[in-house]
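Inspection log for the structure reproduced underneath, given as structure tokens.
All values reported here derive from a predicted model rather than from experimental measurement.
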Amino acid sequence: MDLTYTEEEEAFRAGLREWLATALPKLPARPSPQDWPGRRAYDTGWQRALYDAGYGHVHWDASPTQRLIFLEETEKAGAPYVGANFVGLLHAGPTIASEGTPEQRARWLPPVLRGDEVWCQGFSEPDAGSDLASLRTRAWRDGDHYVVSGSKIWTSHAEVADWCELLVRTTPVSEAVPKHRGITWLAMPMDAPGITVRPLRTLAGSTEFAEMFLDEVRVPVAHRVGDENDGWRVTMVTLSYERGTAFVGEVVACRRVLGEIASEARANGRWDDPALRRRLGRLAAEFSALWRLTQWNVSEAQRSGGVPGAGGSVFKLRYSHARQELYEAAAQVLGAGALDLGHEWSLDRLSSLSYTIAAGTSQIQRNIVAERILGLPKGR
């Protein structure tokens, strides 16, 4: 497979680099990590700048290769990450672009691209995390609306969101065979009556997640993406983006951090440890291979119409563990300094613990690889 870039793609890269060089120095100071209204304003302001410069479309209305180049170059330049726009730009937006009606695409995609609206993700429940198909948040039809009651947990960016990509059960678990056939994908307005949001504080002290309680929330039937009870298939489109391309910028960031760790080891004398050098060398090979895997996944997505395939699970599985190993190596280099939560690497080390759980646990990814790529039978 040819993993090189065309002249047109390299021209796109060059133009993006030139724009970033002029745009980044004009950015205001980053707000405090706990100032969510400030973070929303900062993140949506950056998205508006991208939109005005003609780059707002890259997350779904561009070729997968252009999207790869965009994520690579913005991370290398130190540009802001999508932040509070994560779900809208990398999950809900691409899903609506792939599965929504023309009216839905016209309503929801432009505000996300302009940074006008922020989305959150309402998938997991207290008793339906890895086994997402067991979700029980109920939605029943009442004329032109669904009436939704239940609860969600780990709802990303719910505190500042305008919309929620919400999975609901429109056929009870006892009647749906198999159970994933009774699920429906809805776009829920976060200002609807009956929604209660309670922030959750992570081990690192951040509050980007929340638990959400729904008490007979009315959602128009027109806000359903896909058919009723076909939400599991739509969700697989969402998760393919989450596992396939959403972590691309983070691979670039990890390669940069690895270089910084090596520099710190040389400065503080730990570079003399041959075991540490071998560890860092293996991680360098690991992230180089992950980058090539990313390019391969993007090439496959380009050939299949833009939606990442099961190869995204291979990437997500290995990347999750490699990221944890990277920050364990950072802790080894820092020594006692690894206990200082004021150090960015210490916070990233805590954050890395969630990567083998978020976006589908490593056990789930292994099942996907076994069944969909290797053709092994399902476990009994």
Side-chain angles (χ1 to χ4, degrees), residues 12-62 66-67 69-93 108-121 155-163 190-191 197 199 201-202 204-210 245-257 259-260 340-348 350-351:
F12 174 80
R13 184 194 301 275
L16 176 59
R17 283 180 177 176
E18 182 179 356
W19 179 79
L20 288 169
T22 60
L24 292 178
K26 301 176 184 177
L27 284 176
R30 293 177 186 262
S32 163
Q34 301 307 322
D35 177 10
W36 275 104
R39 288 180 64 177
R40 172 185 165 127
Y42 183 87
D43 295 338
T44 55
W46 173 243
Q47 180 59 28
R48 181 67 197 216
L50 290 169
Y51 178 84
D52 290 342
Y55 295 109
H57 70 291
V58 294
H59 293 291
W60 59 73
D61 190 20
Q66 280 188 325
R67 188 158 57 245
I69 292 171
F70 173 83
L71 292 169
E72 178 185 12
E73 292 300 324
T74 51
E75 177 59 42
K76 282 183 176 179
Y81 188 51
V82 289
N85 294 318
F86 182 85
V87 175
L89 285 169
L90 304 184
H91 297 185
W108 286 313
L109 299 188
V112 172
L113 293 178
R114 292 193 301 263
D116 294 339
E117 293 180 345
V118 170
W119 285 65
C120 64
Q121 185 180 69
T155 309
S156 307
H157 303 311
E159 291 178 81
V160 292
D162 303 294
W163 292 89
M190 290 296 288
D191 61 355
V197 173
R201 191 168 299 277
T202 69
S206 60
T207 56
E208 65 265 30
F209 301 112
T245 56
F247 294 111
V248 168
E250 296 191 29
V251 175
V252 179
C254 285
R255 297 178 80 176
R256 170 181 53 77
V257 170
E260 294 172 355
D340 178 10
L341 293 183
H343 198 294
E344 182 180 3
W345 294 349
S346 298
L347 290 175
D348 285 337
L350 294 178
S351 174

Quick one: are [X] and [Y] in side-chain contact, heavy atoms under 4.5 Å?
X: C120; Y: V160; result: no
X: E75; Y: R256; result: yes
X: M190; Y: V197; result: yes
X: Y51; Y: R48; result: yes

Checklist entry - Would you say the side-chain atoms of Y55 pair up with the backbone N or O of L16, donor to acceptor, closer than 3.5 Å? => result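 The answer is yes, because a donor-acceptor pair under 3.5 Å joins these two groups.
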
Checklist entry - Is a side-chain donor or acceptor of N85 paired with a backbone partner of D43 at a separation under 3.5 angstrom? => result yes

Hey, could you give me the [atom1]/[atom2] distance between [X] and [Y], rounded to the nearest 0.5 Å?
X: L89; Y: W119; atom1: CG; atom2: CH2; result: 11.5 Å
X: Q66; Y: F12; atom1: CD; atom2: CZ; result: 4.5 Å
X: W163; Y: D191; atom1: CH2; atom2: CG; result: 7.5 Å
X: R67; Y: L71; atom1: CZ; atom2: CG; result: 8.0 Å

Checklist entry - Relative to the ring of F86, is the ring of H91 parallel (under 30°), tilted (30 to 60°) or perpendicular (over 60°)? => result perpendicular

Checklist entry - Are D52 and R114 close enough, and set up right, to give a side chain to side chain contact (heavy atoms under 4.5 Å, CB included), and what steps lead you there? => result CA-CA 8 Å; D52 290 342; R114 292 193 301 263; over 6 Å; no

Item to check | Partner residues of W46 under the ring pair (Phe, Tyr, Trp, His ring centres under 6.0 Å) criterion, sequence neighbours left out | outcome: W19

Item to check | Residues in side-chain contact (heavy atoms from CB on, under 4.5 Å) contact with E72, at least two apart in sequence or another chain | outcome: Y5, R13, K76, V252, W291

Checklist outcome for this item: L20 and A77 have their tightest heavy-atom pair at CD1-CB, 3.9 Å

Next on the checklist: Please give me the minimum heavy-atom distance between A84 and W36, naming the atom from each residue.
Outcome noted: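 Nearest heavy atoms, A84 then W36: CB-CZ3, 4.5 Å.
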
Item to check | Derivation of the side chain to side chain contact (heavy atoms under 4.5 Å, CB included) call for V118 and Q47 | outcome: CA-CA 11 Å; V118 170; Q47 180 59 28; over 6 Å; no

Checklist entry - Taking only residues two or more places apart in sequence, or in another chain, which ones meet R30 in a side-chain hydrogen bond (donor to acceptor under 3.5 Å, both in side chains)? => result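 For R30 there are no side-chain hydrogen bond (donor to acceptor under 3.5 Å, both in side chains) partners, ignoring immediate neighbours.
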
